[in-house]
Amino acid sequence: MIDRTASAAKATRSIRGFMWLWISAALCLFALVEGWMAYEREVRQMQEAHDRALARVASGYLRSLRNQEAEAARIPSSVFREELGVDEPPALRFNVVDAGGRLVYGDAALGAGRGLDATARTSQAVFYEARLEGEGWRVVALRDQVVLNERAQPVVVQVAESHAVRAELELQLLLRRLALQTVRLLATLALVGLFVVLGLRPLEALRHELRQRKPQDLAPITGGREAELAPIVDAMNALLREQRESLDQQRRFLADASHQLRTPLAVLRTQVQGMLLKQTETHDTLPKMLRTIDRASGLTDQLLSLVKVEQLVRRGEWYDVDLHQVAQDMALEFSPLIGGKRLDFSLQATPVILCTDGWLLGELIKNLLSNAIHHSERGGALGIVVRRLKSDVELVVWDHGGGVEEDMMARLFEPFNASKGGTGIGLGLSICRQIAEAMGATVDIFNRIEGGHIVGVDAVVRLPGSLIKAPAPATQSDGAGQARADAAGASLGAAHG
Amino acid sequence: MKVLIVEDDMELSGALSRVLAPLGFQIVCCADGLEALALARRHQFDAMLLDLTLPGLDGLQLLQRLRDGGSSLPVMVVTARGAVEDKVHGLNNGADDYLSKPFDVSELEARLRALIRRHRGVEELRCGSLTFDRESGMFYNGARPFEMSPRETALIKALMARRGHAMTRESLFDAVFGIGAEASPDAIDVIVHRLRKRLGGSGMELVTLRGVGYMLVDDAVTGGARQG
């Protein structure tokens, strides 16, 4: 069923690979953005925490200066203990300057400070960045009144922390965040991979089932009942069913056709042997042999015609066809037979253009007309009527060649069921039905009743309105065509038995 | 009449020879395309019966080379390929007529004779006892001259040229009055009506296919109803 080499050659894109690639890419991007945002938030929090700690140290130092609790030249370790909860003093630099900007205590390199001067009224902490000896520092400045040299005066206390301390912490935060994001990403990818595999498992099972099938196996596919696969499997099963039916039809047809072709061959053989054994007269047998050959030739023509019908129906390339013109062409083609039997023929047609295939339409009319001529007595009447109904188009091929028996009527359209005496080949009406079905039309045979007696047959083709393109351009004979066709149609319609 | 039959099925060519020889045809059979081309170029034939499927050189190629060489030998293609496209292809390649297998021997004979007559320019118009003499331009009913008006003559000549086949009223109108003439379309019916009266007893019949056109038939046209 599957050309594996071809399918393997074409299988350049894998659904699983595609899902893997794009889900992984999206997750990586998401992890990167989310990780970066989290890292920035953590750095900000760390900076704020360190600023608050610096401010608390500066505030504690001021408080100790105000209280004159200890040696003022350094920050008491009690401050670190109280404010930061540590015994070891961290690597901080500090100084105290008075209102005149003069250094009172501490590190002269810190200077008078940019954030605040001692005369300023505010006592709120001010933060700023400073560079000391080529190194960046974060400085906090606080102002307050302290007693210096037994006199209360405003001073600014500055405490600074090196950027290096914070940079080291930032690096630690970055590494931690990277590790965390990587672990989360890997875990998510593993889960996604697992679900992709699990999700595609029915597809894999279906692929396996199809690979295991033999080319001639046309049984329905049983797998793939999931909601996403079911429509595809159903469509494939519908195709397989069509294939199966078509194959069955072909098998039946081949069996019938070979039987039908063998029959005239057997007849011919018998006829020839009869002559060879001098059991039959040559002048009696030869015309019979000719008829047998004609019948076999006719069957071959119809078999070829059937193949062409199937090809055209499968191709389905419809175009504009003038129904009146096709009917007229068929009448011209059959004119030698009509003339030969001196038949009284008439074509009454309403102009109408159909969107269909001209050859198929011609073949449909040809088979019906051929039947009508075949069954007509010498000098009998027959004809074609084309008329527009309310929404459809009706084509009737009628004759006066006697009716069809009721028990035969049901089997008329089956292949190899010759009607009326069984001298026909029996494919013509089968071809007609096949063509009609391809056009969405119907074809039926009715016995034609006149004066209470069956006098002939009406072969009625009902073409759907969807095929109608437009009325054909009027020709010189079309003026009365509609009225004649309608009148003829009315009489035909009333006569169906 | 010397006819070259180019057919690779020896049984068919043999049977055709046996059937056509007593009918006045001198038959030469050939089963190979290249050999047939050489024969047609070296010898004088009145017509060629050509099968399309041949060893050596395909029938259509043979035809092409024959026409390329300037030969006007009338060629009737006889083949099992009956599709319209194949016929058109054959005729486009220079065939003069086309006959699908299997065929009726009498039809083959008639078409072969008509082909040769056409090629010799002596095609005879005949239907029933009515004949047309090209030299005098007169119609004869048996041995007696049959007077007809120019329009009747044009109509009957058009129908006789396709004896046994119907012609549409439109094509008959063009043949009688000329393309685009402003006569009434019913004028054809009037002429047919008049002719039908006059042709009684000539062994031919003017048959009407109502809604289609007319045709000339005589007793030679026999009907064999097809079956379906």
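Side chains are part of it too, since the values below use all heavy atoms of this structure and drop only hydrogens, waters and symmetry mates. Keep in mind that what you see is a predicted model, and the values were worked out from it rather than measured. To find a chain, count down the sequence lines: A is the first, B the second, and so on, and within it residues start at 1.
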Visitor: Identify which one of B:V212, B:V207, B:T208 satisfies the side chain to side chain contact (heavy atoms under 4.5 Å, CB included) criterion when paired with A:F345.
Guide: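 Considering B:V212, B:V207, B:T208, a side chain to side chain contact (heavy atoms under 4.5 Å, CB included) with A:F345 is found only for B:V212.
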
Visitor: Measure the shortest side-chain to side-chain distance between B:R210 and A:D344 over non-hydrogen atoms and say whether it is less than 4.5 angstrom.
Guide: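 Touching, per the 4.5 Å side-chain cut-off.
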
Visitor: Over all heavy atoms of both residues, which pair between B:A166 and A:S335 is shortest? Give the atoms and the distance, please.
Guide: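 It is N-OG, 2.8 Å.
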
Visitor: Take A:L347 and B:L209 through the test side chain to side chain contact (heavy atoms under 4.5 Å, CB included) and record every step on the way to the result.
Guide: CA-CA 7 Å; A:L347 167 65; B:L209 274 70; over 6 Å; no

Visitor: Please check if atom CZ in A:R262 has more than 12 non-hydrogen atoms from other residues, nucleotides or ligands closer than 6.0 Å.
Guide: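 No, because the 6.0 Å sphere around CZ of A:R262 holds 12 heavy atoms or fewer from other groups.
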
Visitor: Return the set of residues passing side chain to side chain donor-acceptor pair (under 3.5 Å) with B:E205 (not counting sequence neighbours), or none when no residue passes.
Guide: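 Once residues adjacent in sequence are excluded, the partners of B:E205 under the side chain to side chain donor-acceptor pair (under 3.5 Å) criterion are A:R342.
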
Visitor: Which pairs, with at least one residue in residues 104-113 of chain B and sequence neighbours excluded, count as a side chain to side chain donor-acceptor pair (under 3.5 Å)?
Guide: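 Of all non-adjacent pairs touching residues 104-113 of chain B, those that pass side chain to side chain donor-acceptor pair (under 3.5 Å) are B:D97-B:R111, B:D104-B:S106, B:E107-B:R111, B:E109-B:R113.
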
Visitor: Look at atom CG of A:L276 and say whether more than 12 heavy atoms of other residues, nucleotides or ligands are closer to it than 6.0 Å.
Guide: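 Yes.
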
